[in-house]
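Every chain is numbered from 1, with letters handed out A, B, ... down the list of sequences. It should be emphasised that the depicted structure is a prediction, and the values quoted were computed from it without experimental measurement.
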Amino acid sequence: MSDTESFFGDPDPIFADKELLRVSHLPEGDRIIGREKELGNLANAIKDAKRGGTPNNVLIYGKTGTGKSLCSKYITRDLTEAAADNGVHVDVAYIDCFQDSTETQVVRTIAKSFNDRDETGVTVPVSGVSTSDYYRRLWKIVDARLDVGIIILDEIDKLEDDNILMQLSRAAEAEKVNDSTLGIIGISNKIRYKESLNERVKSSLSERDLVFPPYDANQLRAILSSRADAFREGVLDDEVIPKVAALAAKEHGDARKAIGILRYTGEIADEHSDDRVRIEYVDEAHDREEEARLAELIGKQPEHSKYLLQGLALQIQQSTDPDVMIPSKQVYSAYEVVCEREGTDPLKIRRVRDLLSELAFLSLIEQDRKGRGKGKGAHTVNRLVDAPELVVEACKSV
DNA sequence: CCTCCACAGGAATTTGCGGGGT
DNA sequence: ACCCCGCAAATTCCTGTGGAGG
């Protein structure tokens with residue numbers, strides 16, 4: 001900043017309303033683009049809830065950033081309002097199964113989000129209660145407060161246990177709840193998810209199936225254009241949106257990513273004190289978006305998983321070959337060094353093996369099994385998916 | 001195709017935590 | 001204030017096996 005007057009006083013030269021480019025931003029109905037048919041199907045599946053009837057359970061498939069969560073949130077909000085006009089009390093619980101992956105965590109979070117202590121007199125403690133107790137409390141809350149409870153289970157394929165699905169889908173027939181009814185909207189990235197369920201759950205959970213296809217470049221362009229008001233008038237070059245849309249379409253048709261890249265493009269322009277958002281900034285914005293994703297994923301990992309990633313990164317950086325695979329035992333030694341530096345006691349190797357395979361499941365590392373010859377046994381070797389420098393950077397932030 | 005063993009990974013057990021019940 | 005319970009994380013114990021070299 002060269003002149004002192006522009007520290008805080010001046011309006012943002014690039015952005016008029018940055019909120020429009022947040023991923024959490026929930027647009028109005030006419031701003032959801034290219035999903036008219038899907039919204040219609042979804043609305044149709046749960047419409048009975050408007051009059052207090054039982055909604056159909058729905059399973060939604062589609063890759064990340066195809067608008068699954070967005071449409072579910074939008075349509076259930078709409079439903080809640082429409083039902084309220086009919087004097088029907090509908091409430092929606094949104095569960096991210098990536099965060100809450102065990103049965104107990106899920107019941108607890110549902111109970112918590114439906115609960116209103118003043119109305120029900122029921123508390124939902126974070127711990128100290130058994131799973132069945134959480135269920136008891138949940139049924140009590142639902143009966144006391146709601147006519148219809150809609151439960152959105154996002155990333156449902158990350159659930160470790162499908163007992164919760166059994167309980168929820170059969171709550172009404174098992175007379176766990178009396179005057180109320182429940183509807184489940186399951187959201188999965190994996191098309192084949194349904195096959196992994198047992199028959200009972202499968203038939204009750206997927207009364208309706210919906211598939212959300214990836215967005216094509218035209219749709220992405222329309223989505224980005226609809227959020228172009230985020231920028232001040234005239235600062236956004238005409239070629240920027242088509243280029244961002246083309247990049248995102250080429251990769252996965254991920255709208256969230258496209259919006260992220262557009263936001264970073266604006267931020268980079270701002271950092272250059274440029275008063276125009278130029279096409280030249282798009283590639284760097286693309287890189288930045290990927291780094292941010294990595295940092296977000298790593299940030300959510302437990303402390304010791306981060307130390308492991310750092311240890312592995314360290315070993316890889318010491319080697320001349322960038323594609324080396326490090327045996328788990330060596331990763332463990334490097335990890336012990338990192339722990340020493342951080343002043344923490346290292347976990348035992350058995351636990352570390354479990355953490356490593358979790359990291360592999362998240363595609364943060366890749367594992368492979370190698371034998372070492374007669375009488376030498378077989379072992380697992382590890383490698384980072386992303387560049388070591390990026391990983392170390394991501395571990396330090398947060 | 002067989003062999004051999006260090007390591008993988010399943011199962012049982014302990015530890016730590018944060019609540020209820022009394 | 002005390003003890004006890006259930007869960008999740010971590011540890012301990014232990015058996016089974018992947019796969020290069022023979």
Nucleotide nearest [X] when distance is taken to its side chain, options [options]:
{"X": "A:Thr104", "options": "C:dA8, B:dA8, C:dT11", "value": "C:dA8"}
{"X": "A:Thr131", "options": "B:dC7, B:dT3, C:dC7", "value": "C:dC7"}
{"X": "A:Ser328", "options": "C:dC7, B:dA8, C:dA8", "value": "B:dA8"}

What is the distance, rounded to the nearest whole Å, between atom [atom1] of [X] and atom [atom2] of [N]?
{"X": "A:Met325", "N": "C:dG19", "atom1": "CE", "atom2": "P", "answer": "12 Å"}
{"X": "A:His304", "N": "C:dT11", "atom1": "NE2", "atom2": "C1'", "answer": "13 Å"}
{"X": "A:Lys376", "N": "C:dA20", "atom1": "NZ", "atom2": "C1'", "answer": "12 Å"}
{"X": "A:His379", "N": "C:dT17", "atom1": "NE2", "atom2": "P", "answer": "19 Å"}
{"X": "A:Arg351", "N": "B:dA8", "atom1": "CZ", "atom2": "C1'", "answer": "16 Å"}
{"X": "A:Lys329", "N": "B:dA6", "atom1": "NZ", "atom2": "P", "answer": "9 Å"}
{"X": "A:Glu103", "N": "C:dG6", "atom1": "CD", "atom2": "C1'", "answer": "13 Å"}
{"X": "A:Leu355", "N": "C:dT11", "atom1": "CG", "atom2": "C1'", "answer": "13 Å"}

Checklist entry - In a check of side chain to side chain donor-acceptor pair (under 3.5 Å) between A:Thr109 and each of A:Asp100, A:Asp96, A:Thr104, which one passes? => result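 Output: one option passes, namely A:Asp100.
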Checklist entry - Using the benzene-type ring in the case of Trp, are the ring centres of A:Phe231 and A:Phe15 under 6.0 Å apart? => result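 Centroid distance A:Phe231-A:Phe15: below 6.0 Å, so yes.
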Checklist entry - Any side-chain N or O of A:Lys370 less than 4.0 Å from the OP1 or OP2 oxygen of C:dG18? => result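 No, outside the criterion.
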Next on the checklist: Closer than 4.0 angstrom, basic N to acidic O: yes or no for A:Glu303 and A:Lys306?
Outcome noted: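 Salt bridge absent between A:Glu303 and A:Lys306.
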Next on the checklist: Strictly below 4.0 Å, N to O, side chains only: are A:Glu289 and A:Arg263 in salt-bridge contact?
Outcome noted: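 So A:Glu289 does not pair with A:Arg263 through a salt bridge.
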Checklist entry - Judged by atom type as modelled, is there a donor-acceptor pair below 3.5 Å linking the side chain of A:Arg288 to the main-chain atoms of A:Thr265? => result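 Such a contact is absent between A:Arg288 side chain and A:Thr265 backbone.
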Item to check | Donor-acceptor pair, side chain of A:Tyr335 and main chain of A:Leu312, under 3.5 angstrom | outcome: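 No: the side chain of A:Tyr335 does not pair with the backbone of A:Leu312.
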Next on the checklist: For nucleotides 9-22 of chain B, give me one character per nucleotide, 5' to 3': B if any protein heavy atom sits under 4.0 Å from the base, S if the only such contacts are to the sugar-phosphate, - if neither.
Outcome noted: BB-------BS---
Checklist entry - Do A:Arg35 and A:Tyr215 meet the cation-pi criteria used here (NZ or CZ under 6.0 Å from the six-membered ring centre, within 45° of the axis)? => result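 Judged by the rule, A:Arg35 and A:Tyr215 form a cation-pi pair.
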Item to check | Sugar-phosphate only, base, or nothing, as touched by A:Gly377 at under 4.0 Å among non-hydrogen atoms | outcome: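 Here A:Gly377 touches the bases of the nucleic acid.
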